[in-house]
Amino acid sequence: MHQKLRFLTTTAVIAAAYAALTFVNPLSFGPVQFRISELLTILCCLTPAAIPGLTIGCFIANTASFMPLDLLIGTASTLIAAVLGYAFRRVCLHGYPVLSAFFPVVTNGILVGLELCFYAGNFTPIGFLTAAGSVALGEAGVCLIALCLFPIFKRIRY
């Protein structure tokens, strides 16, 4: 019972933190995104509770985008990245889960890039590469910061 309660509590805290960090950051939405909340994606390397926590938090946060597809595609992107990040959490470079930190960059770049093309009506190769690249670039910056903070996150008991 204690383990289930800890799992649920950890999930809820991660979801709430993700949503709150997204809501307070004006750069969380749009073609150039720098979601500070994506720092938390590195937590999937430390606890499986991060998978539902990130997914639920992303869903709640994406309600603010007022784009119905964002609830589905943005949330799916986070779920896929979290599952892959957890699956590859042991693939490390000098103790850092670099591969796990890479998955949110790729999934958000591709899926959110496609979503932005849809909303902009710009389904050209250049339109997609521009949208995907801008999302991936912002995501890469945040995930790089997350990797730098990883030793601190490891010290927290989940």
Side-chain angles (χ1 to χ4, degrees), residues 11-93 96-150 152-153:
T11 296
V13 168
I14 292 171
Y18 186 101
L21 286 170
T22 302
F23 289 144
V24 298
N25 178 12
L27 296 177
S28 291
F29 300 99
V32 178
Q33 297 183 5
F34 194 80
R35 272 195 186 189
I36 299 299
S37 53
E38 289 287 306
L39 286 169
L40 302 176
T41 59
I42 202 74
L43 296 179
C44 65
C45 297
L46 302 171
T47 175
I51 297 170
L54 292 167
T55 305
I56 294 165
C58 183
F59 181 84
I60 293 168
N62 285 348
T63 61
S65 74
F66 303 109
M67 297 187 301
L69 274 181
D70 202 26
L71 291 172
L72 178 65
I73 294 173
T75 303
S77 177
T78 297
L79 173 61
I80 293 165
V83 168
L84 289 171
Y86 181 77
F88 288 91
R89 69 191 179 279
R90 290 190 176 94
V91 179
C92 294
L93 181 64
Y96 291 88
V98 177
L99 187 59
S100 291
F102 182 69
F103 291 120
V105 176
V106 173
T107 60
N108 282 313
I110 293 170
L111 295 176
V112 176
L114 284 170
E115 177 186 344
L116 290 173
C117 284
F118 172 80
Y119 281 112
N122 188 8
F123 273 110
T124 64
I126 297 296
F128 170 70
L129 290 174
T130 302
S134 67
V135 171
L137 187 61
E139 189 73 26
V142 173
C143 288
L144 181 60
I145 295 168
L147 279 173
C148 293
L149 295 174
F150 186 69
I152 295 168
F153 286 140

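Just so you know, these numbers use all the heavy atoms, side chains as well, and skip hydrogens, waters and symmetry mates.
- One finds the SG atom of Cys58 at 9.0 Å from the CG atom of Leu71 (value rounded to the nearest 0.5 Å).
- Shown here for Ala64 and Phe23, the closest heavy-atom pair between the two residues is CB-CE2, 3.6 Å.
- A donor-acceptor pair under 3.5 Å links the side-chain atoms of Thr78 to the main chain of Gly74, judged by distance alone.
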Which pairs of donor and acceptor atoms, one on a side chain in residues 42-53, lie under 3.5 Å apart (sequence neighbours left out)?
{"residue": "Thr47", "atom": "OG1", "partner": "Ala49", "partner atom": "N", "Å": "3.1"}

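- The distance from the OG atom of Ser65 to the CD atom of Gln33 is 9.5 Å, given to the nearest 0.5 Å.
- The side chain to side chain donor-acceptor pair (under 3.5 Å) analysis of residues 126-137, with sequence neighbours excluded, yields no pairs.
- Interatomic distance, CG of Leu79 versus OG1 of Thr55, reported as 4.0 Å (0.5 Å rounding).
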Full working for side-chain contact (heavy atoms from CB on, under 4.5 Å) between Glu115 and Asp70: CA-CA 7 Å; Glu115 177 186 344; Asp70 202 26; 3.0 Å; yes
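- Under the side-chain contact (heavy atoms from CB on, under 4.5 Å) criterion, Phe118 pairs with Leu69, Phe123, not counting sequence neighbours.
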Derivation and outcome, side-chain contact (heavy atoms from CB on, under 4.5 Å), residues Val135 and Leu116: CA-CA 9 Å; Val135 171; Leu116 290 173; 3.6 Å; yes
Give every donor-acceptor pair under 3.5 Å between a side-chain atom in residues 102-111 and any protein atom, sequence neighbours left out.
{"residue": "Thr107", "atom": "OG1", "partner": "Ser77", "partner atom": "O", "Å": "3.3"}
{"residue": "Thr107", "atom": "OG1", "partner": "Ser77", "partner atom": "OG", "Å": "3.3"}
{"residue": "Thr107", "atom": "OG1", "partner": "Phe103", "partner atom": "O", "Å": "3.1"}
{"residue": "Asn108", "atom": "OD1", "partner": "Ser77", "partner atom": "OG", "Å": "2.8"}
{"residue": "Asn108", "atom": "ND2", "partner": "Glu38", "partner atom": "OE1", "Å": "3.4"}
{"residue": "Asn108", "atom": "ND2", "partner": "Pro104", "partner atom": "O", "Å": "3.1"}
{"residue": "Asn108", "atom": "ND2", "partner": "Glu139", "partner atom": "OE1", "Å": "3.4"}

Without placing hydrogens or testing angles, list every side-chain donor-acceptor pair under 3.5 Å for residues 24-31, not counting sequence neighbours.
{"residue": "Asn25", "atom": "OD1", "partner": "Leu27", "partner atom": "N", "Å": "3.0"}
{"residue": "Asn25", "atom": "ND2", "partner": "Phe34", "partner atom": "O", "Å": "2.6"}
{"residue": "Ser28", "atom": "OG", "partner": "Thr22", "partner atom": "O", "Å": "2.9"}
{"residue": "Ser28", "atom": "OG", "partner": "Asn25", "partner atom": "O", "Å": "3.0"}

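- Counting heavy atoms from C-beta on, the side chains of Ile14 and Thr11 never come closer than 4.5 Å.
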Report all side-chain donor-acceptor pairs from residues 82-92 shorter than 3.5 Å, counting only partners two or more places apart or in another chain.
{"residue": "Arg89", "atom": "NH1", "partner": "Tyr86", "partner atom": "O", "Å": "2.6"}

Verdict with reasoning, Ile60 to Tyr18, per side-chain contact (heavy atoms from CB on, under 4.5 Å): CA-CA 9 Å; Ile60 293 168; Tyr18 186 101; over 6 Å; no
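- For Thr75, the side-chain hydrogen bond (donor to acceptor under 3.5 Å, both in side chains) test picks out no residue, with sequence neighbours left out.
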